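Just so we're clear, the structure is a prediction, and the values are computed from it rather than from any experiment. All chains are named by letter (A, B, ...) in the order of the sequence lines, taking the proteins before the strands, and each is independently numbered beginning at 1.
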2 protein chains.
Amino acid sequence: MERDHAQGQMLSICQEDDPAIFRSVLDRLADKWTLITIGLLEERELRFTELLDSIPGISRRMLTRTLRSLERDGLVHRTIYAEIPPRVEYRATELGRSLSAPVLALATWVDDHKQAILTHRETFDDTHAGAVPPDAT
Amino acid sequence: MERDHAQGQMLSICQEDDPAIFRSVLDRLADKWTLITIGLLEERELRFTELLDSIPGISRRMLTRTLRSLERDGLVHRTIYAEIPPRVEYRATELGRSLSAPVLALATWVDDHKQAILTHRETFDDTHAGAVPPDAT
DNA sequence: CTGCATCCACCACGATACTG
DNA sequence: CAGTATCGTGGTGGATGCAG
(Lines give C-alpha, C1' and ligand atoms only; values in the text may rest on other atoms or scores of the structure.)
Protein backbone atom coordinates (compact mmCIF):
# COMPACT_ATOMS: atom_id res chain seq x y z
CA MET A 1 0.00 0.00 0.00
CA GLU A 2 2.91 2.33 -0.51
CA ARG A 3 1.12 4.38 -3.06
CA ASP A 4 2.31 7.85 -3.79
CA HIS A 5 -1.23 9.07 -4.22
CA ALA A 6 -1.79 8.86 -0.50
CA GLN A 7 -5.27 7.55 0.15
CA GLY A 8 -8.13 7.00 -2.19
CA GLN A 9 -6.85 9.01 -5.07
CA MET A 10 -8.88 7.13 -7.58
CA LEU A 11 -8.50 10.16 -9.76
CA SER A 12 -4.75 9.95 -9.96
CA ILE A 13 -4.89 6.19 -10.34
CA CYS A 14 -7.12 6.22 -13.37
CA GLN A 15 -5.55 9.19 -15.06
CA GLU A 16 -1.94 8.18 -14.70
CA ASP A 17 0.61 8.02 -17.47
CA ASP A 18 -1.37 5.53 -19.51
CA PRO A 19 -4.98 5.13 -18.45
CA ALA A 20 -5.34 2.31 -20.95
CA ILE A 21 -3.18 -0.01 -18.87
CA PHE A 22 -5.28 0.50 -15.79
CA ARG A 23 -8.40 0.01 -17.85
CA SER A 24 -7.25 -3.17 -19.56
CA VAL A 25 -6.36 -4.78 -16.26
CA LEU A 26 -9.49 -3.55 -14.55
CA ASP A 27 -11.61 -4.78 -17.43
CA ARG A 28 -10.26 -8.26 -17.00
CA LEU A 29 -11.08 -8.29 -13.32
CA ALA A 30 -14.40 -6.54 -13.50
CA ASP A 31 -16.22 -8.90 -15.81
CA LYS A 32 -19.03 -11.27 -15.11
CA TRP A 33 -17.04 -14.24 -13.86
CA THR A 34 -13.49 -13.30 -12.97
CA LEU A 35 -13.94 -11.90 -9.47
CA ILE A 36 -15.94 -14.85 -8.30
CA THR A 37 -13.50 -17.31 -9.87
CA ILE A 38 -10.49 -15.66 -8.31
CA GLY A 39 -12.29 -15.60 -5.01
CA LEU A 40 -12.83 -19.33 -5.10
CA LEU A 41 -9.32 -20.17 -6.20
CA GLU A 42 -7.67 -18.13 -3.53
CA GLU A 43 -9.06 -20.39 -0.91
CA ARG A 44 -8.16 -23.75 -2.28
CA GLU A 45 -7.04 -25.69 -5.31
CA LEU A 46 -9.97 -26.72 -7.45
CA ARG A 47 -10.55 -28.71 -10.56
CA PHE A 48 -12.52 -27.67 -13.59
CA THR A 49 -15.73 -29.41 -12.67
CA GLU A 50 -15.62 -28.25 -9.09
CA LEU A 51 -15.42 -24.68 -10.31
CA LEU A 52 -18.21 -25.33 -12.78
CA ASP A 53 -20.42 -26.52 -9.95
CA SER A 54 -19.36 -23.81 -7.53
CA ILE A 55 -20.04 -20.86 -9.76
CA PRO A 56 -23.79 -20.51 -10.21
CA GLY A 57 -24.76 -20.11 -13.83
CA ILE A 58 -21.38 -20.29 -15.54
CA SER A 59 -21.01 -22.34 -18.73
CA ARG A 60 -18.04 -24.49 -19.61
CA ARG A 61 -17.13 -22.10 -22.35
CA MET A 62 -16.97 -19.09 -20.08
CA LEU A 63 -15.18 -20.95 -17.32
CA THR A 64 -12.54 -22.04 -19.79
CA ARG A 65 -12.12 -18.53 -21.13
CA THR A 66 -12.03 -17.00 -17.67
CA LEU A 67 -9.43 -19.44 -16.46
CA ARG A 68 -7.31 -18.89 -19.57
CA SER A 69 -7.38 -15.16 -19.05
CA LEU A 70 -6.40 -15.57 -15.44
CA GLU A 71 -3.63 -17.92 -16.40
CA ARG A 72 -2.43 -15.50 -19.04
CA ASP A 73 -2.34 -12.72 -16.47
CA GLY A 74 -0.30 -14.86 -14.13
CA LEU A 75 -2.99 -15.02 -11.50
CA VAL A 76 -3.80 -18.68 -11.75
CA HIS A 77 -1.69 -21.77 -12.28
CA ARG A 78 -2.88 -24.77 -14.19
CA THR A 79 -1.71 -28.30 -13.49
CA ILE A 80 -2.57 -31.11 -15.83
CA TYR A 81 -2.48 -34.66 -14.53
CA ALA A 82 -2.06 -37.13 -17.34
CA GLU A 83 -4.51 -39.62 -15.97
CA ILE A 84 -7.52 -41.39 -17.25
CA PRO A 85 -9.83 -39.68 -16.93
CA PRO A 86 -7.89 -36.44 -17.21
CA ARG A 87 -7.67 -34.19 -14.21
CA VAL A 88 -6.76 -30.53 -14.12
CA GLU A 89 -6.20 -28.54 -10.97
CA TYR A 90 -6.33 -24.79 -10.76
CA ARG A 91 -4.76 -22.78 -8.01
CA ALA A 92 -3.99 -19.13 -7.46
CA THR A 93 -0.41 -18.01 -7.96
CA GLU A 94 1.26 -15.77 -5.42
CA LEU A 95 0.18 -12.80 -7.48
CA GLY A 96 -3.32 -14.18 -7.56
CA ARG A 97 -3.34 -14.72 -3.83
CA SER A 98 -2.35 -11.11 -3.28
CA LEU A 99 -5.67 -10.28 -4.86
CA SER A 100 -7.37 -12.21 -2.12
CA ALA A 101 -7.90 -9.43 0.37
CA PRO A 102 -9.41 -6.87 -2.03
CA VAL A 103 -11.62 -9.37 -3.79
CA LEU A 104 -12.96 -11.00 -0.68
CA ALA A 105 -13.49 -7.63 0.92
CA LEU A 106 -15.60 -6.64 -2.04
CA ALA A 107 -17.51 -9.91 -2.08
CA THR A 108 -18.17 -9.61 1.62
CA TRP A 109 -19.39 -6.07 1.19
CA VAL A 110 -21.78 -7.18 -1.51
CA ASP A 111 -23.03 -9.99 0.64
CA ASP A 112 -23.47 -7.74 3.64
CA HIS A 113 -25.35 -5.05 1.77
CA LYS A 114 -27.24 -6.85 -0.95
CA GLN A 115 -30.48 -6.70 0.94
CA ALA A 116 -30.18 -2.97 1.55
CA ILE A 117 -29.51 -2.47 -2.14
CA LEU A 118 -32.52 -4.52 -3.15
CA THR A 119 -34.66 -2.40 -0.88
CA HIS A 120 -33.32 0.78 -2.43
CA ARG A 121 -34.08 -0.57 -5.89
CA GLU A 122 -37.68 -1.24 -4.99
CA THR A 123 -38.11 2.20 -3.51
CA PHE A 124 -36.50 3.82 -6.50
CA ASP A 125 -38.53 1.85 -9.01
CA ASP A 126 -41.64 2.80 -7.12
CA THR A 127 -40.86 6.47 -7.06
CA HIS A 128 -39.59 6.66 -10.61
CA ALA A 129 -42.10 4.32 -12.13
CA GLY A 130 -41.67 4.35 -15.88
CA ALA A 131 -39.01 7.01 -15.71
CA VAL A 132 -36.20 4.66 -16.56
CA PRO A 133 -34.50 4.69 -19.95
CA PRO A 134 -35.92 2.50 -22.74
CA ASP A 135 -33.22 -0.18 -22.65
CA ALA A 136 -32.66 -0.22 -18.93
CA THR A 137 -31.74 -3.46 -17.27
CA MET B 1 -17.47 -7.58 8.88
CA GLU B 2 -19.24 -9.91 11.23
CA ARG B 3 -19.76 -12.57 8.68
CA ASP B 4 -20.73 -16.00 9.81
CA HIS B 5 -18.67 -17.61 7.10
CA ALA B 6 -15.51 -16.75 8.95
CA GLN B 7 -12.89 -15.66 6.48
CA GLY B 8 -12.83 -15.81 2.73
CA GLN B 9 -15.63 -18.25 2.28
CA MET B 10 -16.35 -17.09 -1.22
CA LEU B 11 -17.99 -20.44 -1.71
CA SER B 12 -20.58 -19.92 0.96
CA ILE B 13 -21.10 -16.33 -0.11
CA CYS B 14 -21.97 -17.14 -3.67
CA GLN B 15 -24.00 -20.23 -2.98
CA GLU B 16 -26.13 -18.86 -0.19
CA ASP B 17 -29.89 -18.98 -0.03
CA ASP B 18 -30.37 -17.13 -3.29
CA PRO B 19 -27.26 -16.86 -5.45
CA ALA B 20 -29.18 -14.61 -7.83
CA ILE B 21 -29.20 -11.76 -5.34
CA PHE B 22 -25.47 -11.86 -4.90
CA ARG B 23 -25.05 -12.04 -8.65
CA SER B 24 -27.36 -9.18 -9.47
CA VAL B 25 -25.60 -6.90 -7.04
CA LEU B 26 -22.16 -8.04 -8.09
CA ASP B 27 -23.09 -7.59 -11.73
CA ARG B 28 -23.94 -3.98 -11.12
CA LEU B 29 -20.64 -3.32 -9.43
CA ALA B 30 -18.45 -5.36 -11.70
CA ASP B 31 -19.22 -3.67 -14.97
CA LYS B 32 -17.07 -1.48 -17.11
CA TRP B 33 -17.69 1.85 -15.41
CA THR B 34 -19.24 1.42 -12.00
CA LEU B 35 -16.19 0.69 -9.88
CA ILE B 36 -14.28 3.64 -11.22
CA THR B 37 -17.29 5.94 -10.85
CA ILE B 38 -17.91 4.92 -7.26
CA GLY B 39 -14.25 5.34 -6.53
CA LEU B 40 -14.30 8.91 -7.74
CA LEU B 41 -17.49 9.83 -5.94
CA GLU B 42 -16.36 8.49 -2.64
CA GLU B 43 -13.68 11.08 -2.47
CA ARG B 44 -15.60 14.19 -3.32
CA GLU B 45 -18.79 15.58 -4.73
CA LEU B 46 -18.62 15.92 -8.48
CA ARG B 47 -20.79 17.22 -11.24
CA PHE B 48 -21.69 15.44 -14.43
CA THR B 49 -19.07 17.01 -16.62
CA GLU B 50 -16.34 16.59 -14.07
CA LEU B 51 -17.06 12.88 -14.01
CA LEU B 52 -17.19 12.81 -17.78
CA ASP B 53 -13.73 14.33 -17.92
CA SER B 54 -12.31 12.26 -15.08
CA ILE B 55 -13.28 8.85 -16.41
CA PRO B 56 -11.16 8.09 -19.45
CA GLY B 57 -13.21 6.91 -22.39
CA ILE B 58 -16.71 7.03 -20.92
CA SER B 59 -19.53 8.44 -23.02
CA ARG B 60 -22.32 10.67 -21.74
CA ARG B 61 -24.75 7.90 -22.32
CA MET B 62 -22.88 5.40 -20.19
CA LEU B 63 -22.14 7.90 -17.48
CA THR B 64 -25.83 8.73 -17.24
CA ARG B 65 -26.78 5.09 -17.08
CA THR B 66 -24.09 4.25 -14.56
CA LEU B 67 -25.10 7.11 -12.30
CA ARG B 68 -28.76 6.16 -12.55
CA SER B 69 -27.99 2.61 -11.55
CA LEU B 70 -25.93 3.78 -8.62
CA GLU B 71 -28.68 6.13 -7.57
CA ARG B 72 -31.21 3.36 -7.88
CA ASP B 73 -29.10 1.14 -5.66
CA GLY B 74 -28.86 3.87 -3.06
CA LEU B 75 -25.13 4.30 -3.47
CA VAL B 76 -25.14 7.77 -4.96
CA HIS B 77 -27.18 10.86 -4.28
CA ARG B 78 -28.14 13.34 -6.98
CA THR B 79 -28.70 17.01 -6.30
CA ILE B 80 -30.17 19.26 -8.95
CA TYR B 81 -29.57 22.98 -8.70
CA ALA B 82 -32.17 24.93 -10.61
CA GLU B 83 -29.74 27.41 -12.06
CA ILE B 84 -28.84 28.67 -15.47
CA PRO B 85 -26.90 26.86 -16.70
CA PRO B 86 -28.14 23.79 -14.87
CA ARG B 87 -25.88 22.15 -12.36
CA VAL B 88 -26.10 18.64 -10.95
CA GLU B 89 -23.89 17.35 -8.18
CA TYR B 90 -23.31 13.70 -7.43
CA ARG B 91 -22.06 12.41 -4.12
CA ALA B 92 -21.81 9.01 -2.49
CA THR B 93 -24.40 8.14 0.10
CA GLU B 94 -23.36 6.62 3.39
CA LEU B 95 -23.95 3.21 1.87
CA GLY B 96 -21.86 4.23 -1.10
CA ARG B 97 -19.08 5.47 1.11
CA SER B 98 -18.98 2.16 2.90
CA LEU B 99 -17.94 0.73 -0.43
CA SER B 100 -14.93 2.98 -0.37
CA ALA B 101 -12.45 0.69 1.31
CA PRO B 102 -13.06 -2.41 -0.85
CA VAL B 103 -13.19 -0.48 -4.10
CA LEU B 104 -10.11 1.59 -3.48
CA ALA B 105 -8.26 -1.45 -2.24
CA LEU B 106 -9.06 -3.18 -5.50
CA ALA B 107 -8.13 -0.16 -7.60
CA THR B 108 -4.88 0.20 -5.74
CA TRP B 109 -4.10 -3.45 -6.24
CA VAL B 110 -4.70 -3.11 -9.96
CA ASP B 111 -2.53 -0.05 -10.11
CA ASP B 112 0.25 -1.71 -8.14
CA HIS B 113 0.28 -4.88 -10.21
CA LYS B 114 -0.72 -3.80 -13.67
CA GLN B 115 2.84 -3.88 -14.90
CA ALA B 116 3.44 -7.37 -13.57
CA ILE B 117 0.28 -8.52 -15.28
CA LEU B 118 1.27 -6.99 -18.59
CA THR B 119 4.56 -8.82 -18.36
CA HIS B 120 2.80 -12.09 -17.69
CA ARG B 121 0.58 -11.51 -20.70
CA GLU B 122 3.54 -11.02 -22.99
CA THR B 123 5.25 -14.12 -21.70
CA PHE B 124 2.09 -16.14 -22.07
CA ASP B 125 1.35 -14.88 -25.56
CA ASP B 126 4.90 -15.73 -26.51
CA THR B 127 4.74 -19.23 -25.15
CA HIS B 128 1.29 -19.98 -26.45
CA ALA B 129 1.70 -18.22 -29.76
CA GLY B 130 -1.36 -18.88 -31.86
CA ALA B 131 -2.80 -21.18 -29.27
CA VAL B 132 -5.48 -18.76 -28.20
CA PRO B 133 -9.12 -19.32 -29.03
CA PRO B 134 -10.52 -17.88 -32.29
CA ASP B 135 -12.53 -15.11 -30.71
CA ALA B 136 -10.11 -14.30 -27.93
CA THR B 137 -9.77 -10.73 -26.75
C1' DC C 1 -13.24 -35.25 -17.46
C1' DT C 2 -11.54 -31.33 -19.79
C1' DG C 3 -12.07 -28.13 -23.10
C1' DC C 4 -11.97 -26.51 -27.99
C1' DA C 5 -15.01 -25.20 -32.23
C1' DT C 6 -19.06 -23.50 -34.17
C1' DC C 7 -23.26 -21.08 -34.41
C1' DC C 8 -26.10 -17.44 -32.92
C1' DA C 9 -28.81 -14.13 -30.09
C1' DC C 10 -28.78 -10.32 -27.57
C1' DC C 11 -27.60 -6.16 -25.35
C1' DA C 12 -23.75 -3.24 -23.94
C1' DC C 13 -21.68 0.35 -25.61
C1' DG C 14 -20.29 4.20 -28.65
C1' DA C 15 -21.51 7.99 -32.01
C1' DT C 16 -24.45 11.34 -33.02
C1' DA C 17 -28.10 14.60 -32.94
C1' DC C 18 -31.51 16.86 -30.39
C1' DT C 19 -33.92 19.16 -25.98
C1' DG C 20 -34.66 21.90 -21.61
C1' DC D 1 -24.72 22.13 -18.77
C1' DA D 2 -27.07 17.92 -18.28
C1' DG D 3 -29.16 15.03 -20.13
C1' DT D 4 -32.48 12.05 -23.69
C1' DA D 5 -33.54 9.59 -28.22
C1' DT D 6 -32.12 6.80 -31.87
C1' DC D 7 -29.36 3.92 -34.44
C1' DG D 8 -25.55 0.67 -35.52
C1' DT D 9 -22.06 -2.44 -34.25
C1' DG D 10 -19.07 -5.73 -31.91
C1' DG D 11 -18.42 -8.66 -28.60
C1' DT D 12 -20.08 -11.36 -24.68
C1' DG D 13 -21.85 -15.26 -23.50
C1' DG D 14 -25.09 -19.47 -23.91
C1' DA D 15 -26.08 -24.05 -26.32
C1' DT D 16 -24.44 -27.74 -28.48
C1' DG D 17 -21.41 -31.14 -30.50
C1' DC D 18 -17.01 -33.15 -30.95
C1' DA D 19 -12.16 -34.59 -29.40
C1' DG D 20 -8.21 -36.04 -26.53
Self-check item: Contact under 4.0 Å: A/Arg61 side-chain N or O vs D/dT16 OP1/OP2
Solution: no
Exercise. Send over the distance from A/Ile80 CD1 to C/dC4 P, rounded to a whole Å.
Key: 10 Å
Exercise. For B/Arg78 and B/Leu67, run side chain to side chain contact (heavy atoms under 4.5 Å, CB included): C-alpha distance rounded to whole Å, both residues' side-chain angles, the deciding distance at 0.1 Å, then the answer.
Key: CA-CA 9 Å; B/Arg78 182 160 165 263; B/Leu67 288 168; over 6 Å; no
Quiz prompt | A/Met62 side-chain proximity, nearest of D/dT16, D/dG13, C/dC13 | solution = D/dG13
Self-check item: N/O (side chain, A/Ser59) to phosphate O (OP1/OP2, D/dG14) under 4.0 Å
Solution: yes
Self-check item: Nearest-nucleotide 5' precedence on DNA chain D, A/Asp31 against B/Phe48
Solution: B/Phe48
Exercise. For C/dC4, take OP1 and OP2 only and decide whether either is under 4.0 Å from a side-chain N or O of A/Arg68.
Key: yes
Practice problem: Provide, to the nearest angstrom, the distance between the CZ atom belonging to B/Arg87 and the C1' atom belonging to D/dG3. | Solution: 16 Å
Quiz item: With a 4.0 Å cut-off, would you call A/Lys114 and A/Asp111 a salt bridge?
Solution: yes
Quiz item: Would A/Ile21 and A/Leu26 show up in the same hydrophobic cluster when neighbours are defined by side-chain heavy atoms closer than 4.5 Å?
Solution: no
Self-check item: Spacing of B/Trp33 atom CH2 relative to C/dC13 atom P, expressed in whole Å
Solution: 8 Å
Self-check item: Residue A/Thr64, side-chain atoms from C-beta onward, closest of C/dC1, D/dT12, C/dC4
Solution: C/dC4
Practice problem: Whole angstrom is fine here: how far is it from CZ in B/Arg65 over to C1' in C/dA12? | Solution: 8 Å
Exercise. For B/Gln15 and A/Ser54, indicate whether the former's side chain and the latter's backbone hold a donor-acceptor pair under 3.5 Å.
Key: yes
Quiz item: Separation of A/Glu50 atom CD from C/dC1 atom P, in whole Å?
Solution: 11 Å
Self-check item: B/Leu67 CG - D/dA2 P separation (whole Å)
Solution: 11 Å
Quiz item: OP1, OP2 of D/dA2 versus side-chain N and O of B/Arg47: anything below 4.0 Å?
Solution: yes
Quiz prompt | Sugar-phosphate only, base, or nothing, as touched by A/Tyr90 at under 4.0 Å among non-hydrogen atoms | solution = sugar-phosphate
Quiz item: Looking at A/Arg78, does any N or O in its side chain come under 4.0 Å of the phosphate oxygens OP1/OP2 on C/dG3?
Solution: yes
Quiz item: Just how far, in rounded Å, is P of D/dG3 from CD of B/Glu89?
Solution: 11 Å
Quiz item: So does A/Glu83 have more than 12 non-hydrogen atoms from other groups sitting under 6.0 Å from CD?
Solution: yes
Practice problem: Find the distance A/Leu46:CG to C/dC1:C1' and express it as a whole number of Å. | Solution: 15 Å
